Number of protein chains: 2
Amino acid sequence: MAKLPIPYKIYLSEEEIPRQWYNLNAAMKVKHAPFLDPATGMPCTADALEQVFCGACVAQEQNKTDLYIDIPEEIRDFYKMYRPSPLVRAYCLEKALGTPAEIYYKFEGNNTSGSHKLNSAAAQAYYAKKQGLESVTTETGAGQWGTALSMACAYYGLDLTVYMVKVSCEQKPYRKEVMRTYGAAVIPSPSDTTEAGRKILREFPGTGGSLGCAIGEAVEKAVVTPSCRYVLGSVLDHVLLHQSVIGLESKAALAKYGIEPDIVIGCVGGGSNYGGLIAPFMGEKIAGKNDIDFIGVEPASCPSLTRGKYVYDYCDSARITPLAKMYTLGCGFMPAPSHAGGLRYHGMSPVVSELYHQGWMRAVAVGQNKVFEAAEYFARVEGILPAPESAHAIRVAIDEALRCRETGKKKRILFGLTGTGYFDMAAYKRYNDGEMSDTVPTDADLAAGFATIPDIPANK
Amino acid sequence: MAKLPIPYKIYLSEEEIPRQWYNLNAAMKVKHAPFLDPATGMPCTADALEQVFCGACVAQEQNKTDLYIDIPEEIRDFYKMYRPSPLVRAYCLEKALGTPAEIYYKFEGNNTSGSHKLNSAAAQAYYAKKQGLESVTTETGAGQWGTALSMACAYYGLDLTVYMVKVSCEQKPYRKEVMRTYGAAVIPSPSDTTEAGRKILREFPGTGGSLGCAIGEAVEKAVVTPSCRYVLGSVLDHVLLHQSVIGLESKAALAKYGIEPDIVIGCVGGGSNYGGLIAPFMGEKIAGKNDIDFIGVEPASCPSLTRGKYVYDYCDSARITPLAKMYTLGCGFMPAPSHAGGLRYHGMSPVVSELYHQGWMRAVAVGQNKVFEAAEYFARVEGILPAPESAHAIRVAIDEALRCRETGKKKRILFGLTGTGYFDMAAYKRYNDGEMSDTVPTDADLAAGFATIPDIPANK
């Protein structure tokens, strides 16, 4: 068969938007350990989880057997507003690097939320509405997740309260404004609207807040409000499930031209975009059908995979969530300031953690200046201004392509470009001004973080 | 032939990116009046224009005979990074409005510049490079044009100096940062780098600058710098020519489904996006092949078409450019603050002016609050956060669709969605806070503006 020329952008038709999500959990021969209730040390029950989360999401969270799970038509209709997302052949980048490698990236930033977060926001808002709920709550740090969820709630007709870390609220007033424009109530956290918030305000009157505190407020608000649940944008299995549309579309687009990637690269914070991107490719690797080199890229300032421990830990710094078995720096670990707010997480998705633990993937930690160098280079060559988070994947994709230039190998590299950097220009300014810090945690910093890991029997 | 179902987004393939621009000038039976040299009162010569602009652009500017002009492959390669842009069927908006109308919009915001400006920036940067120039200069107000040109110059390897209105520079530091990220030198205007700037600084030490002043600095810098020319992002015929890709792609996408629009709507500031969107449709109307209702939408605060005069006027408030015959409020007209910076222009493209004068189109002026009401409604329903400029077209598209609900007519409405509003959240905040002003010029304001129109024989 004559080879078709590969265009700059491979678009699927709307009919080719996946009709089923890919459940990586079902593909894994050894499953990750269950969540534990910190009060009892026993696995969390569905009943307990349903006090906080939607029923459908809890069922998906605990589904370890169905490899494919149907996507409701109402969610596919929402997806049609911004999907399929383009799979781009980075011709300009290849040429600029002088590499024999073929570079492809899946661009998830072409929507108003500016990132992949919308893929799960749409699903979670839909299931909440279908369950008959009137409202949901969530927290947001950098703001992408809150923005995505506000768009989804506007679409499905659901009230939304977003607890936004107070210091982020002040540093990124326009992010807050986007959420307001979509009708969400945005409350700087800590606030006086919850017991958790009032407690923090009494103890630390001038605090700028933290993600842990915002999670605490959002969960409390959801539990005490009638017809309300809490939704989370990363880490959990059902979030990774929703994000599998990224990998499924990438695989379908490449297949149109008979391409199978040799390397798949994504940035990892909580793990949702990475877990979604790799899902169907990883499933095949586990089944012995490919030998892809999977790379998760994390910031050197918050190196949970490369320098963390694989133990049970709280998912949040306020210690109100269940315990998850994951790579963690300790729920009390405080990373040095990083401009990739979306990657500042002490832990890692249990699915990604288990894959890493079993050796199905590797991890690389990169410093901020190298990340922004790649981001600016990519912007000028490929015309897309990447989010700092996404630029972690770009950095390693460039490094791998340069390695191909040395070896002469024509590898096919696929990476995930999760979002755009329009709301991150303060960080770009710091880089342009030569004022970007490159702090990495010392051994003492790590030890202090590890000391906050709960001392429970399962961790002995 | 069985009708194909129309998807949410109609994408063309890369092969279907136009290979020729559409020269509306050639389609017009009565051409617009020529530019005049203010010193002599005689039409400007190509030689005079080539001191300021690239030769290829001057030739296109003066071409009134060739209906199609080839797009060089190097420019098509640039276009492939972000084109073809999607033509969207606004199913969600139609449903929300309960209208029998079909609504389509051409979305030009899916690129890092965030607007249609890139279509001409790419062409002008390419021609400058091809002419052997080393650098170009331009001015920018709100920042979209400067951003687009900085991307194009980074791609073609051309130095760029952008004179950015000082007050914009301070109000939109992140816009400036995007340009820096693409390697442009951004100079707040007025500056001490030009005679024009120094003069203003001596006379008005604390001034925040103006677009007229920035144009003066950019033109002076281009003229005194070896191997340098000036480029402009709107108003001129060659800019409208480059923007015709918008209309050509829209027409091709609709034709795939046998659709001919009944109404075509765009916002008008300098007229470049509107002139590009309507080009091929308007050419057919002039040739008697359709009877489309063309609507140009302008802000009530700066109503050059609906309340201006059709006379010769300077293109800039510093009175350094040639005179153009156009609808104008007077080169000294100062509009009340408006958040659609891209529409704050005292004049109007000569091509659009002449079409309006001949009755081929109509114009509507809308107030800011009604515009932001439409913008927010659209964002929530269609998922795209529009630029305030683009929202002028949305407002009138919604109004026309609501009229169809009353009359029961199933009209097909096409409008241009020129860009995204990510850098306009301060304006959205003002709207959300109920602090948006709706000032329109009084008769006295207009009289003061008209008094600044030059008193020359051609205007008697």
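Quick caveat, the model's predicted, so the values are computed rather than measured.
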Contact leader toward chain A among B:Y182, B:Y155, B:Y174, where contacts are heavy-atom pairs under 4.5 Å
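Sorted descending by pairs with chain A, the first entry is B:Y182.
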If you count heavy-atom pairs under 4.5 Å between each of B:S13, B:A426, B:A154 and chain A, which one has the most?
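Looking at each option in turn, the highest pair count goes to B:A426.
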Counting only heavy atoms closer than 4.5 Å, note whether [X] contacts chain B via side chain, backbone, both or neither.
| X | answer |
| --- | --- |
| A:R430 | neither |
| A:V178 | both |
| A:C153 | neither |
| A:N111 | backbone |
| A:E15 | neither |

Using non-hydrogen atoms and a 4.5 Å limit, figure out which bit of B:Y91 sits close to chain A: side chain, backbone, both or neither.
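For B:Y91, neither part sits under 4.5 Å from chain A.
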Apply salt bridge (charged side-chain N to carboxylate O under 4.0 Å, His left out) to residues A:D77 and A:K80 and explain how you reach the verdict.
CA-CA 5 Å; A:D77 280 344; A:K80 286 178 189 169; 3.5 Å; yes
Answer yes or no on whether A:R175 is positioned over the face of A:F423, meaning its NZ or CZ is under 6.0 Å from the six-membered ring centre and within 45° of the axis.
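Judged by the rule (NZ or CZ under 6.0 Å from the ring centre, within 45° of its axis), A:R175 counts as positioned above A:F423.
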Are A:Y82 and B:Y8 close enough, and set up right, to give a ring-ring contact (aromatic ring centres under 6.0 Å, His included), and what steps lead you there?
CA-CA 9 Å; A:Y82 69 102; B:Y8 279 63; over 10 Å; no
Taking B:L160 as the fixed residue, which of B:V136, B:V186, B:V231 is the one that meets the side chain to side chain contact (heavy atoms under 4.5 Å, CB included) rule?
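Exactly one option meets the side chain to side chain contact (heavy atoms under 4.5 Å, CB included) with B:L160, and it is B:V136.
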